[in-house]
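These notes concern the structure reproduced below.
What you are looking at is a predicted structure, and each value in this text was computed from that prediction instead of being measured. Any value given below was found using the heavy atoms of this structure, including those in side chains, with hydrogens, waters and symmetry copies removed.
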Amino acid sequence: MERFSRIDILVNNAATNPYMGPVMGAELAAWDKTFEVNLRGVFVLTRLVHAAWLEAHGGAIVNVASIGGLRPGIGLGIYNVTKAGIIMLTRQLAREMGGKVRVNAVAPGVIKTRFAEALWGNEAILERILAQNPLGRIGMPEEVAAAVLFLVSDAASYVNGEVLVVDGGGGGDL
(Lines give C-alpha, C1' and ligand atoms only; values in the text may rest on other atoms or scores of the structure.)
Protein backbone atom coordinates (compact mmCIF):
# COMPACT_ATOMS: atom_id res chain seq x y z
CA MET A 1 0.00 0.00 0.00
CA GLU A 2 2.89 2.34 0.75
CA ARG A 3 4.44 1.80 -2.67
CA PHE A 4 1.37 1.77 -4.97
CA SER A 5 -1.45 3.12 -2.76
CA ARG A 6 -3.82 0.39 -3.94
CA ILE A 7 -4.14 -3.36 -4.49
CA ASP A 8 -6.67 -4.22 -7.20
CA ILE A 9 -5.50 -7.77 -7.84
CA LEU A 10 -4.30 -10.49 -5.51
CA VAL A 11 -2.88 -13.76 -6.81
CA ASN A 12 -2.26 -16.32 -4.08
CA ASN A 13 0.38 -18.63 -5.53
CA ALA A 14 2.64 -19.72 -2.66
CA ALA A 15 2.72 -23.43 -1.85
CA THR A 16 4.82 -26.16 -0.35
CA ASN A 17 4.85 -29.94 -0.39
CA PRO A 18 7.36 -31.29 2.12
CA TYR A 19 6.02 -34.85 1.97
CA MET A 20 5.29 -37.30 -0.84
CA GLY A 21 3.63 -40.57 0.02
CA PRO A 22 0.43 -41.95 1.54
CA VAL A 23 -1.46 -39.49 3.75
CA MET A 24 -1.44 -41.87 6.71
CA GLY A 25 2.35 -42.19 6.49
CA ALA A 26 3.00 -38.48 6.96
CA GLU A 27 4.51 -36.96 10.04
CA LEU A 28 2.28 -34.41 11.75
CA ALA A 29 4.91 -31.72 11.14
CA ALA A 30 4.62 -32.20 7.36
CA TRP A 31 0.81 -32.00 7.59
CA ASP A 32 1.03 -28.80 9.66
CA LYS A 33 3.59 -27.12 7.39
CA THR A 34 1.59 -27.92 4.25
CA PHE A 35 -1.61 -26.50 5.74
CA GLU A 36 0.24 -23.50 7.20
CA VAL A 37 1.64 -22.44 3.84
CA ASN A 38 -0.93 -23.68 1.34
CA LEU A 39 -4.18 -22.80 3.10
CA ARG A 40 -3.55 -20.57 6.11
CA GLY A 41 -1.17 -18.38 4.10
CA VAL A 42 -3.84 -17.74 1.48
CA PHE A 43 -6.35 -16.84 4.17
CA VAL A 44 -3.99 -14.49 6.02
CA LEU A 45 -2.84 -12.59 2.92
CA THR A 46 -6.37 -12.38 1.51
CA ARG A 47 -7.64 -11.02 4.80
CA LEU A 48 -4.91 -8.35 4.91
CA VAL A 49 -5.42 -7.24 1.30
CA HIS A 50 -9.20 -7.24 1.71
CA ALA A 51 -8.96 -4.97 4.74
CA ALA A 52 -6.34 -2.71 3.17
CA TRP A 53 -8.13 -2.09 -0.16
CA LEU A 54 -10.51 -4.62 -1.66
CA GLU A 55 -13.32 -4.29 0.89
CA ALA A 56 -13.81 -0.60 0.11
CA HIS A 57 -12.75 -0.47 -3.55
CA GLY A 58 -13.25 -3.94 -5.03
CA GLY A 59 -10.96 -5.97 -7.23
CA ALA A 60 -10.14 -9.53 -8.14
CA ILE A 61 -8.53 -12.45 -6.35
CA VAL A 62 -7.18 -15.57 -8.01
CA ASN A 63 -6.10 -18.50 -5.89
CA VAL A 64 -3.79 -21.08 -7.39
CA ALA A 65 -5.23 -24.47 -6.49
CA SER A 66 -4.36 -27.69 -8.34
CA ILE A 67 -6.01 -30.41 -10.34
CA GLY A 68 -5.21 -32.47 -7.23
CA GLY A 69 -7.76 -30.39 -5.33
CA LEU A 70 -10.49 -31.76 -7.61
CA ARG A 71 -9.60 -35.45 -7.59
CA PRO A 72 -7.30 -37.67 -5.54
CA GLY A 73 -3.95 -38.84 -6.74
CA ILE A 74 -1.12 -40.99 -5.50
CA GLY A 75 1.67 -39.58 -3.35
CA LEU A 76 0.41 -35.99 -3.09
CA GLY A 77 -2.49 -36.53 -0.69
CA ILE A 78 -1.77 -33.83 1.88
CA TYR A 79 -0.98 -31.28 -0.83
CA ASN A 80 -4.20 -32.25 -2.62
CA VAL A 81 -6.27 -31.84 0.54
CA THR A 82 -4.93 -28.30 1.00
CA LYS A 83 -5.71 -27.49 -2.62
CA ALA A 84 -9.26 -28.81 -2.17
CA GLY A 85 -9.44 -26.43 0.76
CA ILE A 86 -8.31 -23.59 -1.51
CA ILE A 87 -11.12 -24.43 -3.92
CA MET A 88 -13.74 -24.29 -1.16
CA LEU A 89 -12.20 -21.12 0.29
CA THR A 90 -12.40 -19.59 -3.20
CA ARG A 91 -16.08 -20.47 -3.55
CA GLN A 92 -16.92 -19.33 -0.02
CA LEU A 93 -15.17 -15.98 -0.41
CA ALA A 94 -16.77 -15.46 -3.83
CA ARG A 95 -20.14 -15.90 -2.16
CA GLU A 96 -19.27 -13.60 0.74
CA MET A 97 -17.40 -10.89 -1.21
CA GLY A 98 -19.40 -11.06 -4.45
CA GLY A 99 -20.41 -7.68 -5.74
CA LYS A 100 -17.18 -5.83 -5.14
CA VAL A 101 -14.55 -8.56 -5.22
CA ARG A 102 -14.48 -11.46 -7.67
CA VAL A 103 -12.74 -14.55 -6.31
CA ASN A 104 -11.74 -17.37 -8.65
CA ALA A 105 -9.13 -20.11 -8.83
CA VAL A 106 -6.99 -21.87 -11.38
CA ALA A 107 -6.32 -25.58 -11.02
CA PRO A 108 -3.17 -26.43 -12.96
CA GLY A 109 -2.12 -29.93 -13.82
CA VAL A 110 1.59 -30.69 -13.95
CA ILE A 111 3.38 -27.52 -15.04
CA LYS A 112 7.07 -27.30 -15.89
CA THR A 113 8.17 -25.40 -12.81
CA ARG A 114 10.93 -26.04 -10.33
CA PHE A 115 8.24 -26.82 -7.74
CA ALA A 116 6.87 -29.70 -9.84
CA GLU A 117 10.24 -31.02 -11.02
CA ALA A 118 9.89 -34.09 -8.79
CA LEU A 119 7.03 -35.08 -11.10
CA TRP A 120 8.10 -34.02 -14.59
CA GLY A 121 11.75 -34.75 -13.84
CA ASN A 122 10.98 -38.39 -13.07
CA GLU A 123 10.83 -40.32 -16.35
CA ALA A 124 8.33 -42.94 -15.12
CA ILE A 125 5.95 -40.33 -13.69
CA LEU A 126 6.30 -38.11 -16.75
CA GLU A 127 5.47 -41.05 -19.02
CA ARG A 128 2.24 -41.70 -17.06
CA ILE A 129 1.31 -38.02 -17.19
CA LEU A 130 1.88 -37.76 -20.93
CA ALA A 131 -0.04 -40.98 -21.63
CA GLN A 132 -3.14 -39.45 -20.02
CA ASN A 133 -2.84 -36.02 -21.60
CA PRO A 134 -4.53 -35.48 -24.99
CA LEU A 135 -2.07 -32.68 -25.79
CA GLY A 136 0.84 -35.06 -25.13
CA ARG A 137 2.82 -32.59 -23.01
CA ILE A 138 2.92 -30.88 -19.67
CA GLY A 139 1.97 -27.25 -19.26
CA MET A 140 4.19 -24.21 -19.17
CA PRO A 141 4.04 -21.45 -16.52
CA GLU A 142 2.99 -18.92 -19.16
CA GLU A 143 -0.16 -20.95 -19.83
CA VAL A 144 -1.23 -20.74 -16.20
CA ALA A 145 -0.34 -17.04 -16.14
CA ALA A 146 -2.61 -16.48 -19.15
CA ALA A 147 -5.51 -18.13 -17.30
CA VAL A 148 -4.86 -15.92 -14.27
CA LEU A 149 -4.71 -12.85 -16.51
CA PHE A 150 -8.10 -13.76 -17.97
CA LEU A 151 -9.65 -14.21 -14.53
CA VAL A 152 -8.48 -10.80 -13.28
CA SER A 153 -9.40 -9.01 -16.51
CA ASP A 154 -12.63 -7.31 -17.52
CA ALA A 155 -13.17 -10.24 -19.90
CA ALA A 156 -14.07 -12.26 -16.78
CA SER A 157 -16.26 -9.57 -15.20
CA TYR A 158 -19.14 -12.05 -14.79
CA VAL A 159 -17.00 -14.95 -13.56
CA ASN A 160 -17.01 -15.45 -9.80
CA GLY A 161 -16.40 -18.49 -7.61
CA GLU A 162 -15.14 -20.60 -10.49
CA VAL A 163 -12.19 -22.96 -10.87
CA LEU A 164 -10.49 -22.88 -14.27
CA VAL A 165 -8.67 -26.16 -14.93
CA VAL A 166 -5.43 -25.73 -16.86
CA ASP A 167 -4.20 -29.27 -17.48
CA GLY A 168 -4.29 -29.87 -21.22
CA GLY A 169 -7.33 -32.09 -20.81
CA GLY A 170 -5.24 -34.62 -18.89
CA GLY A 171 -7.59 -35.33 -16.07
CA GLY A 172 -5.65 -38.38 -14.93
CA ASP A 173 -3.99 -39.42 -11.70
CA LEU A 174 -0.26 -39.46 -11.19
Side-chain angles (χ1 to χ4, degrees), residues 10-47 49 61-95 103-152 159-174:
L10 171 61
V11 178
N12 286 303
N13 187 41
T16 190
N17 187 41
Y19 170 75
M20 285 185 72
V23 171
M24 299 311 291
E27 297 290 329
L28 191 54
W31 176 276
D32 290 344
K33 179 179 177 91
T34 308
F35 272 82
E36 180 80 16
V37 173
N38 296 5
L39 195 53
R40 186 174 193 270
V42 169
F43 171 71
V44 169
L45 186 57
T46 300
R47 188 172 162 180
V49 171
I61 299 171
V62 175
N63 296 319
V64 179
S66 169
I67 196 68
L70 295 169
R71 59 182 154 264
I74 296 170
L76 298 172
I78 296 173
Y79 176 83
N80 290 348
V81 169
T82 65
K83 293 305 182 166
I86 291 298
I87 290 169
M88 183 51 73
L89 180 63
T90 297
R91 291 179 172 149
Q92 186 65 41
L93 292 179
R95 178 84 179 214
V103 186
N104 292 290
V106 293
V110 178
I111 305 297
K112 194 169 188 177
T113 62
R114 198 175 96 222
F115 182 77
E117 190 170 2
L119 301 174
W120 60 262
N122 179 310
E123 194 171 318
I125 294 173
L126 179 60
E127 190 175 302
R128 285 198 320 252
I129 293 167
L130 297 179
Q132 297 176 53
N133 192 307
L135 297 183
R137 64 181 180 84
I138 62 171
M140 299 302 290
E142 298 81 12
E143 293 168 310
V144 178
V148 170
L149 181 59
F150 164 70
L151 289 172
V152 301
V159 179
N160 190 37
E162 295 301 324
V163 179
L164 179 56
V165 175
V166 184
D167 76 343
D173 295 330
L174 297 177

Next item on the list: State, to 0.1 Å, how close Thr82 and Leu39 come at their nearest heavy-atom pair, and which atoms those are.
Entry: O-CD1, 4.0 Å
Check: Would Val49 and Ile61 satisfy side chain to side chain contact (heavy atoms under 4.5 Å, CB included), going step by step from the backbone distance to the final call?
Finding: CA-CA 10 Å; Val49 171; Ile61 299 171; over 6 Å; no
Notebook entry, point to check: So do the side chains of Asn63 and Val103 get within less than 4.5 Å of each other, counting heavy atoms only?
Noted result: yes
Please report, to 0.1 Å, the donor-acceptor pairs under 3.5 Å made by any side chain of residues 137-148, with sequence neighbours excluded.
residue: Arg137; atom: NH1; partner: Glu143; partner atom: OE1; Å: 3.2
residue: Arg137; atom: NH1; partner: Glu143; partner atom: OE2; Å: 3.3
residue: Arg137; atom: NH2; partner: Glu143; partner atom: OE2; Å: 2.6
residue: Glu143; atom: OE1; partner: Met140; partner atom: N; Å: 2.7

Notebook entry, point to check: Looking at CG of Asp32 and CZ of Arg40, how far apart are the two atoms once the value is rounded to the nearest 0.5 Å?
Noted result: 11.5 Å
Check: Atom CG in Leu89, atom CZ in Arg91: separation rounded to 0.5 Å?
Finding: 11.5 Å
Notebook entry, point to check: Going by the salt bridge (Lys or Arg N to Asp or Glu O under 4.0 Å) test, which pairs reach into residues 72-87, not counting sequence neighbours?
Noted result: none
Checklist line | Heavy-atom side-chain contact between Ile86 and Asn38 under 4.5 Å | finding: no
Check: Do you know the tightest heavy-atom contact between Tyr79 and Ala15?
Finding: CE1-CB, 4.3 Å
Notebook entry, point to check: From Asn160 CG over to Asn104 CG, what is the distance, rounded to the nearest 0.5 angstrom?
Noted result: 5.5 Å
Item checked: Inter-residue atom distance Leu164.CG - Leu151.CG, 0.5 Å rounding -> 5.5 Å
Next item on the list: Can you see which heavy atom on Ala107 is nearest to which on Leu70, and at what distance?
Entry: CB-CD1, 4.1 Å
Notebook entry, point to check: Quick one: does Thr34's side chain get under 4.5 Å of Pro18's, heavy atoms only?
Noted result: yes
Next item on the list: First locate atom CD1 of Ile67, then atom CG of Asn80, and finally report the distance between them rounded to the nearest 0.5 Å.
Entry: 10.0 Å
Next item on the list: Decide if atom CD of Glu117 counts as having more than 12 heavy atoms of other residues, nucleotides or ligands within a radius under 6.0 Å.
Entry: yes
Checklist line | Shortest non-hydrogen contact between Gly168 and Pro134, atoms and distance | finding: O-CD, 3.5 Å
Notebook entry, point to check: Closest approach of Pro108 and Ala65, non-hydrogen atoms and distance?
Noted result: CD-O, 3.6 Å
Next item on the list: Taking the side chain as every heavy atom from C-beta outward, state whether Ile125 and Ile129 have any atom pair closer than 4.5 Å.
Entry: yes
Next item on the list: Measure the spacing between CD1 of Ile78 and CE of Met20 and express it to the nearest 0.5 Å.
Entry: 11.5 Å
Checklist line | Val23 backbone acceptor or donor facing Trp31 side chain under 3.5 Å | finding: no
Next item on the list: Please report the shortest heavy-atom distance between Tyr19 and Gly25, naming the atom on each side.
Entry: OH-C, 3.3 Å
